Protein chains: 2
Amino acid sequence: MAVNLDATDWAILSELQRDGRIPLSELGRRVSLSASATTERVRRLESTGVITGYSAAVDLAAVGYAVLAIVRLKYPGSHHEPLHRLLGRRPEILECLRTTGDDCYVMKVAASSMAHLEEIVNDLAEFGSANTNLVYSQTLPYRGPNPRR
Amino acid sequence: MAVNLDATDWAILSELQRDGRIPLSELGRRVSLSASATTERVRRLESTGVITGYSAAVDLAAVGYAVLAIVRLKYPGSHHEPLHRLLGRRPEILECLRTTGDDCYVMKVAASSMAHLEEIVNDLAEFGSANTNLVYSQTLPYRGPNPRR
DNA sequence: CCAAAATACCGGCGGATTCCCGGCGATCGG
DNA sequence: CCGATCGCCGGGAATCCGCCGGTATTTTGG
């Protein structure tokens, strides 16, 4: 599953994580490679599954989601389909991880207001006990993996 | 801070979150707009701060980070600089949110092995009591905001 | 050690895309 | 009614992408 990456590959990943829309020619310039060699590298990274896609980052507050919360859900039993259906129905649930420990699921939830958040948490509480923490600020917004020096 | 978005804007955001590298002409085709009108819309979304950037998504396991964990840190006191310095020194810490509740910080941490994870958590435990949960799987990988129907 | 093969890189060409215009039509305020 | 503003469209120049053959370096196998 793990692919071997050299310094140039890491440089490419770093640039593409910082700005996923730079032209390949510019990317080549930054990593000191010709455009075609860069293209080939990127294509390989994509086809080996290192790069799984590209996406625009959207500011939550700017689109009306003023509240962000971490919700931990203790979910007894093993009927997971209803939860999956809820994930499909609730775009406000932005991310959902299954974890070890007391809390089976950890989710990131966006809402436009506290009332809105309450509504979502009510839905979640149908499944188990939900523990909610509001997010003050993103001390460190998500950054992709970087080489361990 | 919040910007008003019409259905076309949301369609653009949706497409760009799904594939941040599609040509603007193709994007225009998908949202039924000319290339230049699309360009103008995207430019506006960028300059108003709705779109904060573009980035490539990198598979953690594929680059050697086989272990993912959620670490919650109870951090007494208000000396946050040392933690910030640690964030800069430890690329394995992928994300860090400051939250309400008992746990002041919630982080997402990637490691190549349990030993590696232990090392990182040791660093964190210098600051307060760290509570770690391993991630089995990403039930729902991060998806950006979508309109609340 | 040498030769053959494989790999990674470069440069150039045609087609597509982006960027920058001016122009058109609708909406708004006076 | 009229001028101004806004969003959209279409066109042309510059740029970029995808594909090609050719060259240098590394790897493989005898």
Side-chain angles (χ1 to χ4, degrees), chain A residues 1-59 61-65 144-149, chain B residues 1-59 61-65 144-149:
Chain A
M1 204 80 213
V3 180
N4 232 16
L5 304 175
D6 63 15
T8 303
D9 287 322
W10 276 113
I12 288 175
L13 289 180
S14 170
E15 290 298 329
L16 284 181
Q17 287 183 93
R18 225 171 38 77
D19 182 357
R21 245 184 118 79
I22 48 174
L24 292 174
S25 55
E26 170 62 19
L27 177 59
R29 231 162 281 136
R30 295 196 195 170
V31 302
S32 307
L33 233 56
S34 78
S36 47
T38 309
T39 305
E40 175 57 20
R41 290 256 193 175
V42 171
R43 203 203 50 74
R44 261 184 87 250
L45 290 171
E46 288 168 355
S47 69
T48 55
V50 173
I51 295 177
T52 59
Y54 301 88
S55 96
V58 175
D59 185 286
V63 298
Y65 290 112
N146 272 98
R148 190 184 167 197
R149 273 154 308 117
Chain B
M1 205 77 212
V3 180
N4 234 15
L5 304 175
D6 63 15
T8 303
D9 287 324
W10 276 113
I12 289 174
L13 290 180
S14 170
E15 290 297 328
L16 284 181
Q17 287 183 94
R18 225 173 37 77
D19 181 357
R21 249 183 115 80
I22 47 173
L24 292 174
S25 56
E26 170 62 20
L27 176 60
R29 230 163 281 138
R30 296 195 195 170
V31 302
S32 307
L33 231 56
S34 78
S36 46
T38 308
T39 307
E40 175 57 18
R41 291 257 193 174
V42 171
R43 203 202 50 73
R44 259 184 90 252
L45 290 170
E46 290 168 355
S47 69
T48 55
V50 174
I51 295 177
T52 58
Y54 301 88
S55 96
V58 175
D59 186 285
V63 298
Y65 289 112
N146 272 98
R148 189 187 167 196
R149 275 155 304 118

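Source: prediction; values computed, not measured. The analysis underlying the following values was restricted to heavy atoms, covering all of them including side chains, and did not include hydrogens, waters or symmetry mates. The chains referred to below are lettered A, B, ... by the order of the sequence lines, with proteins before strands, and numbering in each begins at 1.
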Give me the distances for all protein-to-nucleotides 7-9 of chain D N/O pairs that come in under 3.5 Å?
unit_1	atom_1	unit_2	atom_2	d
D:dC8	OP1	B:Arg41	NE	3.4
D:dC8	OP1	B:Arg41	NH2	2.6
D:dC8	OP2	B:Arg41	NE	3.4
D:dC9	OP2	B:Ser34	N	2.8
D:dC9	OP2	B:Ser34	OG	2.9

D:dC17 P sits how many Å from A:Glu46 CD, rounded? 12 Å
Against A:Ile12, only a single residue in A:Val31, A:Leu5, A:Val50 fulfils side-chain contact (heavy atoms from CB on, under 4.5 Å); can you say which? A:Val31
Send over the distance from A:Glu26 CD to D:dC16 P, rounded to a whole Å. 8 Å
Output the rounded distance in Å from OH (A:Tyr54) to P (D:dC17). 11 Å
Test log, rule side-chain contact (heavy atoms from CB on, under 4.5 Å), inputs B:Arg30 and B:Thr38: CA-CA 10 Å; B:Arg30 296 195 195 170; B:Thr38 308; over 6 Å; no
What distance do B:Tyr65 atom OH and A:Asn146 atom CG have between them, rounded to the nearest 0.5 Å? 7.0 Å
At what distance, to the nearest 0.5 angstrom, does OG of B:Ser55 lie from CD1 of A:Ile51? 10.0 Å
Between D:dG18 atom P and B:Arg21 atom CZ, what is the distance in whole Å? 9 Å
Return the value, rounded to whole Å, for the distance between atom CG of B:Leu27 and atom P of C:dC19. 12 Å
Check this for me: does any side-chain nitrogen of one of B:Glu15 and B:Arg18 sit under 4.0 Å from a carboxylate oxygen of the other? yes
At what distance, to the nearest 0.5 angstrom, does CZ of A:Arg43 lie from CD of A:Glu40? 4.5 Å
Atom CG of B:Leu24 to atom C1' of C:dT17: distance rounded to whole Å? 9 Å
To the nearest angstrom, how far is B:Arg43 atom CZ from C:dC20 atom P? 10 Å
